[in-house]
Amino acid sequence: MEKRVRVRFAPSPTGGLHMGGVRTALFNYLFAKRHNGDFILRIEDTDQTRFVEGAEQYIVEALKWCGIAPNEGVGFGDGPHAPYRQSERKDSGIYRKYADQLIAGGHAYYAFDTSDELESMRKRLEAAKVAAPQYNAVTRQSMRNSLTLPEDEVKRLLDSGEKYVIRLKVPRNEEIRFHDIIRGWVVVNSSQVDDKVLLKSDGMPTYHLAHIVDDIEMQISHAVRGEEWLPSAPAHILVYRYLGLENDMPKLAHLPLILNPDGNGKISKRESRFPVFPLSWTDPRESAPFVGYKEAGYYPEAFVNILALLGWNPGNNQELFTVDEMAAIFDFERVNKSGAKFDPEKAKWFNQQYLRKKSDAELAEAFAPILKEKGFERDNAYLIEFCRLVKEKVQFVHEFWDHGKYIFIRPENFDEKVMTKKWNDTSKAFMHALAAQLNALVAWNTATITEAFHAVEATNGKGDMQLLRVLVTGAAGGPQLFDMLALMGKDEVTTRLNEALNQLK
RNA sequence: GGCCCGUUCGUCUAGGGGUUAGGACGCGUCCCUUUCACGGACGAAACACGGGUUCGAUUCCCGUACGGGCUACCA
């Protein structure tokens with residue numbers, strides 16, 4: 001019988017959750033939804049030295065904003081396996097219990113080496129040109145641990161409260177095979193795996209122990225995580241094996257990484273041309289906050305859509321998906337093996353697609369506060385029409401201002417290229433006639449303005465719409481001209497036109 | 001350095017023993033347009049390299065190169 005699908009996103013609260021983490025959460029979410037399973041948020045805060053204030057809250061809020069809320073776990077009402085913070089789970093002695101079981105089975109041992117001793121061991125090995133200095137089946141024989149020390153000495157050290165860690169006893173030379181849903185079979189020799197610390201000297205488990213214990217206890221069916229975990233997966237296999245649970249362990253899926261667009265490596269928060277965090281993140285260790293996708297104007301639907309297509313594809317040409325649509329067809333078989341460089345340009349395009357789906361009223365509502373901030377206010381009908389006109393030019397709501405500000409601000413100068421090319425006695429005469437014609441209009445709308453323009457053409461010859469545009473707004477480009485004039489209103493347009501004609505002589 | 005993973009247009013990707021190697025972003029040209037756009041059409045642009053296997057390899061295998069990850073009492 002297939003296990004019920006239960007997956008978890010298990011970040012460490014060591015900083016803001018960046019887009020790579022969000023994508024991992026997203027794939028977990030999609031997979032859970034696809035199989036009517038559970039999606040759990042577990043906080044892996046076993047490293048007290050790296051704890052960052054506010055990080056956990058940030059993770060919760062980011063998932064909410066993205067619309068991929070877990071149905072169980074920290075910040076989401078907990079559930080049957082509470083608590084979901086490892087620091088709190090530790091108190092029940094659960095990690096210790098599993099560690100002891102491994103020791104009892106002869107698959108783990110106590111190690112009393114100090115950090116200085118470990119340091120000098122590595123130095124010694126480096127000096128001896130050992131390729132990968134590590135605490136393993138060979139080197140542990142010359143270290144201070146329960147495998148080398150006499151039994152009574154071990155007991156004495158333990159009783160005296162001497163600091164120790166518990167390490168996994170990795171066999172010297174054994175093939176470890178495991179299956180990854182995305183990568184297929186992976187084979188590693190155990191000689192490449194070190195004797196990982198499972199329980200630290202402060203009594204906290206390391207990731208290697210904690211996630212396994214919790215995955216077992218929480219009945220996790222699939223461990224979906226980033227590719228950076230692939231090298232330690234063989235050690236995890238061993239732990240499951242020694243616990244007698246290798247056949248019951250969660251299926252593994254290691255996701256490809258999201259890479260930097262220029263240059264190389266994982267996405268880094270520093271010196272980035274584009275946001276790397278979903279929401280703005282103020283790191284207590286940094287002076288300036290990092291701007292998030294939300295604050296940069298991205299819609300959460302767009303952000304999530306972009307992320308999903310970085311590494312996954314539906315197998316056809318569809319690119320725009322709601323989360324529900326993706327969840328209906330998501331499959332790890334359609335997740336790529338190779339890392340994907342993030343393309344900021346395409347990200348903007350995605351946002352534009354979602355912006356265009358919004359109604360003019362929605363856009364107007366979103367733009368109103370931005371306009372107010374710039375010192376202008378207009379009624380709702382005005383803003384709706386404004387958005388209708390400018391909509392096709394923008395990728396973000398805040399760009400309504402960039403692409404439409406000349407509707408609110410009178411021009412201080414006129415597009416030089418257009419003026420040089422088109423401003424002459426004939427066009428001047430045309431514009432004067434037009435000004436008079438517009439002045440005389442009683443009804444002011446797109447139709448009457450168009451008519452007035454045609455009327456002037458009947459006497460003065462062909463007119464130039466772009467020149468008119470420049471005289472009124474100063475800019476060579478902009479929305480549909482006559483619609484825009486209609487929106488601006490007769491007073492505003494004729495005033496501007498007259499001012500321009502005065503100024504230009 | 002060692003180990004592991006990967007490699008199709010600049011980028012995200014589809015495909016897969018015989019295809020004009022498809023789509024999207026971006027870029028270019030044209031059409032539509034009395035303005036500005038949207039839109040439409042078209043175009044440039046890729047199977048990393050070398051060996052096999054095969055009638056045939058971009059697809060399978062092996063090497064090489066390149067890229068990435070890991071190499072902590074961090075996750």
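Side chains included, hydrogens not; waters and symmetry mates left out as well; all remaining heavy atoms used. Letters go in sequence order (proteins before strands), and every chain restarts at 1. The structure displayed is predicted, hence computed values, not measured ones.
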Could you let me know what [N] is paired to, Watson-Crick or G-U wobble, both distances under 3.5 Å, or none if it's on its own?
| N | result |
| --- | --- |
| B:rG18 | B:rC55 |
| B:rA37 | none |
| B:rG67 | B:rC5 |
| B:rG10 | B:rC25 |

Has the side chain of [X] got a donor or acceptor that lies under 3.5 Å from a partner of the other kind on the base of [N]?
| X | N | value |
| --- | --- | --- |
| A:Glu345 | B:rU11 | no |
| A:Lys393 | B:rA37 | no |
| A:Lys462 | B:rU34 | yes |
| A:Arg50 | B:rC74 | yes |
| A:Ser232 | B:rC70 | no |

Within the structure shown, what part of the strands sits under 4.0 Å from [X] by heavy-atom distance: base, sugar-phosphate, or nothing?
| X | value |
| --- | --- |
| A:Gly477 | sugar-phosphate |
| A:Gly311 | sugar-phosphate |
| A:Gln480 | base |

Exercise. Report yes if the distance between the aromatic ring centroids of A:Phe27 and A:Phe332 is under 6.0 Å, otherwise no.
Key: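 When the ring centroids of A:Phe27 and A:Phe332 are compared, they turn out to be at least 6.0 Å apart.
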Quiz item: Is the distance between the ring centroids of A:Phe277 and A:Tyr293 less than 6.0 Å?
Solution: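 No - the distance between ring centres of A:Phe277 and A:Tyr293 does not fall below the 6.0 Å cut-off.
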Quiz item: Should the ring pair A:Tyr58 and A:Trp281 be called parallel, tilted or perpendicular, given that the plane angle runs from 0 to 90° and is split at 30 and 60?
Solution: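 Taking A:Trp281 first and then A:Tyr58, their aromatic rings stand perpendicular (interplane angle over 60°).
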Quiz item: Between A:Trp185 and A:His179, what is the ring plane arrangement, given parallel below 30°, perpendicular above 60°, and tilted in between?
Solution: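 Rings of A:Trp185 and A:His179: perpendicular, over 60°.
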Quiz item: Can any side-chain N or O of A:Gln352 pair as donor or acceptor with the backbone N or O of A:Lys348 at less than 3.5 Å?
Solution: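 Here the side-chain-to-backbone pair does not exist.
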Quiz prompt | Distance in angstrom units between A:Lys341 NZ and B:rA46 P, rounded | solution =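 Distance check: A:Lys341 NZ to B:rA46 P gives 17 Å.
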When the [atom1] atoms of [N] and [M] are considered, how many whole Å apart are they?
| N | M | atom1 | answer |
| --- | --- | --- | --- |
| B:rG68 | B:rC73 | C1' | 27 Å |
| B:rC70 | B:rU13 | C1' | 27 Å |
| B:rA37 | B:rA46 | P | 31 Å |
| B:rC74 | B:rG63 | P | 37 Å |

Quiz item: How should the glycosidic conformation of B:rC38 be described, syn or anti, under the criterion that syn lies within 90° of 0?
Solution: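 Judged by the O4'-C1' to base torsion, B:rC38 sits in syn, the angle falling within 90° of 0.
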Self-check item: Any A:Arg388 side-chain N or O less than 4.0 Å from OP1/OP2 of B:rA37
Solution: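 So the side-chain polar atoms of A:Arg388 never come under 4.0 Å of the phosphate oxygens OP1 or OP2 of B:rA37.
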Exercise. Check whether any side-chain N or O of A:Asn313 sits under 4.0 Å from OP1 or OP2 of B:rG15, and answer yes or no.
Key: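 Indeed not, no polar side-chain atom of A:Asn313 lies that close.
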Practice problem: For A:Asn316 and for A:Val130, locate the closest nucleotide of RNA chain B by heavy-atom distance; then report the residue assigned to the nucleotide nearer the 5' terminus. | Solution: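 Upstream on the strand: A:Val130.
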Quiz prompt | A:Gly339 vs A:Pro205, nearer the 5' end of RNA chain B by closest nucleotide | solution =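 Checking each residue's closest nucleotide, the 5'-ward one belongs to A:Gly339.
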